[in-house]
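Values in this document were obtained by computation on a predicted structure and should not be read as measured data.
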Amino acid sequence: MRWPATIPEALEVQATLRAGVDLTDACPDPATVTGLDVAYDPAGERIAAAAVTLSLDDLRIVDQAVVTGEVTFPYEPGLFAFRELPPLLDAIAALTRPPEVFACDGHGLAHPRRFGLACHLGVLTGTPAFGVGKTRLVGTHAEPGPAAGDSAPLLDGDTHVGEVLRTRPGVKPVYVSAGHLISLDHATRLTLALSPRYRLPETTRAADHLCRAALD
DNA sequence: GCGACAG
DNA sequence: ATCTTGTCGC
């Protein structure tokens, strides 16, 4: 199917692709994680997308790619992937080494139709992916404990769609959810391991810096 | 009808 | 997301 241009078409694509989500963990012991992020120019017409692969043992960059493109889909909560995935897929294709698991900025299953950006990316690439959101899209939760590593389940009705994780002491928690070919527990552990110093995982920070720089 | 609403 | 002034803390 071709890339949707309208909201009804996008909803149809989500309804089709969501059946492809598999939560079986296919990356039990990854050596690297590839972070993804995008940035927009002030006018909101140009978009830059970056993919940065970090080694899990020292959090150093082992591969990176960045591309720029035009924004082709409006911002619509719940339909994020249709706006950000085209340039992200181009950036991923420009990587030198095959990614083991993707850390996305945004949600996976913590989505109104259980098919956020991380699910969509995972299904299209066939590679494990999880989401780390900075704010909530769906669900309710208790306040996680104050220590790094403390978390609370994110519940949408009675479905456990994600984990609200305190990555650093005294900072606002992040929203972790599985996307594809990974468990929520593993995604949460990876997110914590990637955040030894700042609220957001180093993968997200590295990709953020790279795509911002590509816009100047 | 009134809020809520990833980036 | 991006824009923006000031403030607090290491």
Can you check side-chain hydrogen bond (donor to acceptor under 3.5 Å, both in side chains) on A:Thr53 and A:Thr34, steps first, answer last? CA-CA 4 Å; A:Thr53 301; A:Thr34 300; 2.8 Å; yes
Could you state the atom-to-atom distance from CG of A:Leu88 to P of C:dA1 in whole Å?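 Roughly 14 Å, once rounded to whole Å.
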Round to the nearest Å and state the distance from A:Ile47 atom CD1 to C:dA1 atom C1'.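 These atoms are roughly 9 Å apart.
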Check against side-chain contact (heavy atoms from CB on, under 4.5 Å), A:Leu121 and A:Cys104: CA-CA 9 Å; A:Leu121 177 81; A:Cys104 305; 3.7 Å; yes
Return the set of residues passing side-chain contact (heavy atoms from CB on, under 4.5 Å) with A:Arg46 (not counting sequence neighbours), or none when no residue passes.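 Here the qualifying residues are A:Asp41, A:Thr68, A:Glu70, A:Leu215.
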Please enumerate all residues that pass side-chain contact (heavy atoms from CB on, under 4.5 Å) together with A:Arg189, with sequence neighbours excluded.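 Expected list: A:Asp185, A:His186.
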For A:Val101 against A:Ala129, the heavy-atom pair lying closest together: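 Closest heavy-atom pair between A:Val101 and A:Ala129: CG2-N, 4.4 Å.
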Using the ring pair (Phe, Tyr, Trp, His ring centres under 6.0 Å) criterion, which residues pair with A:Phe73? Sequence neighbours excluded.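 Expected list: A:Phe82.
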With B for base contact, S for sugar-phosphate-only contact and - for none (protein heavy atoms under 4.0 Å), nucleotides 2-7 of chain B reads --SSBB
Summary of protein contacts for nucleotides 3-10 of chain C, nucleotide by nucleotide, where a base hit scores B, a sugar-phosphate-only hit scores S (4.0 Å, heavy atoms): S-------
Take N1-N3 plus N6-O4 or O6-N4 for Watson-Crick, N1-O2 plus O6-N3 for G-U, both under 3.5 Å. Which runs of 3 or more such pairs involve DNA chain C?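 Expected stems, ordered by start: none at all.
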Determine which pairs satisfy ring pair (Phe, Tyr, Trp, His ring centres under 6.0 Å) with at least one residue from residues 123-147 of chain A, sequence neighbours left out, and list them in order.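 For residues 123-147 of chain A: A:His141-A:Tyr175.
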Please step through side-chain contact (heavy atoms from CB on, under 4.5 Å) for the pair A:Leu165 and A:Thr191, ending with a clear verdict. CA-CA 9 Å; A:Leu165 173 68; A:Thr191 300; 3.8 Å; yes
Got A:His120 and A:Leu17 here, is their nearest side-chain heavy-atom distance under 4.5 Å?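 A side-chain contact exists here, since the closest heavy-atom pair is under 4.5 Å.
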Tell me which residues in residues 154-175 of chain A lie within less than 4.0 Å of DNA chain B, going by non-hydrogen atoms.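 Close to the strand, none.
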Could you list the residues that satisfy side-chain hydrogen bond (donor to acceptor under 3.5 Å, both in side chains) with A:Asp58, not counting sequence neighbours?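 Partners of A:Asp58 by the side-chain hydrogen bond (donor to acceptor under 3.5 Å, both in side chains) criterion, ordered by chain and then number, come out as A:Ser55.
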side-chain hydrogen bond (donor to acceptor under 3.5 Å, both in side chains) involving A:Glu163 - partner list, sequence neighbours excluded: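 Expected list: A:Ser151, A:His160.
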Listing request: all salt bridge (Lys or Arg N to Asp or Glu O under 4.0 Å) pairs with a residue in residues 82-106 of chain A, at least two apart in sequence or in separate chains.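 Those involving residues 82-106 of chain A do not exist here.
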What stems involve DNA chain B, if each pair must be Watson-Crick or G-U and both of its distances must be under 3.5 Å, with 3 or more such pairs in a row?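 Stem list for DNA chain B: none, no run of 3+ pairs.
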Apply salt bridge (Lys or Arg N to Asp or Glu O under 4.0 Å) to residues A:Asp37 and A:Arg205 and explain how you reach the verdict. CA-CA 8 Å; A:Asp37 194 21; A:Arg205 291 169 43 79; over 6 Å; no
Going by an N to O cut-off under 4.0 Å, is there a salt bridge joining A:Glu202 and A:Arg60?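 The answer is no: the pair does not qualify as a salt bridge.
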State plainly whether one hydrophobic cluster holds both A:Ile61 and A:Val33, where clusters connect Ile, Leu, Val, Met, Phe, Trp and Tyr through side-chain heavy atoms under 4.5 angstrom apart.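 Different hydrophobic clusters.
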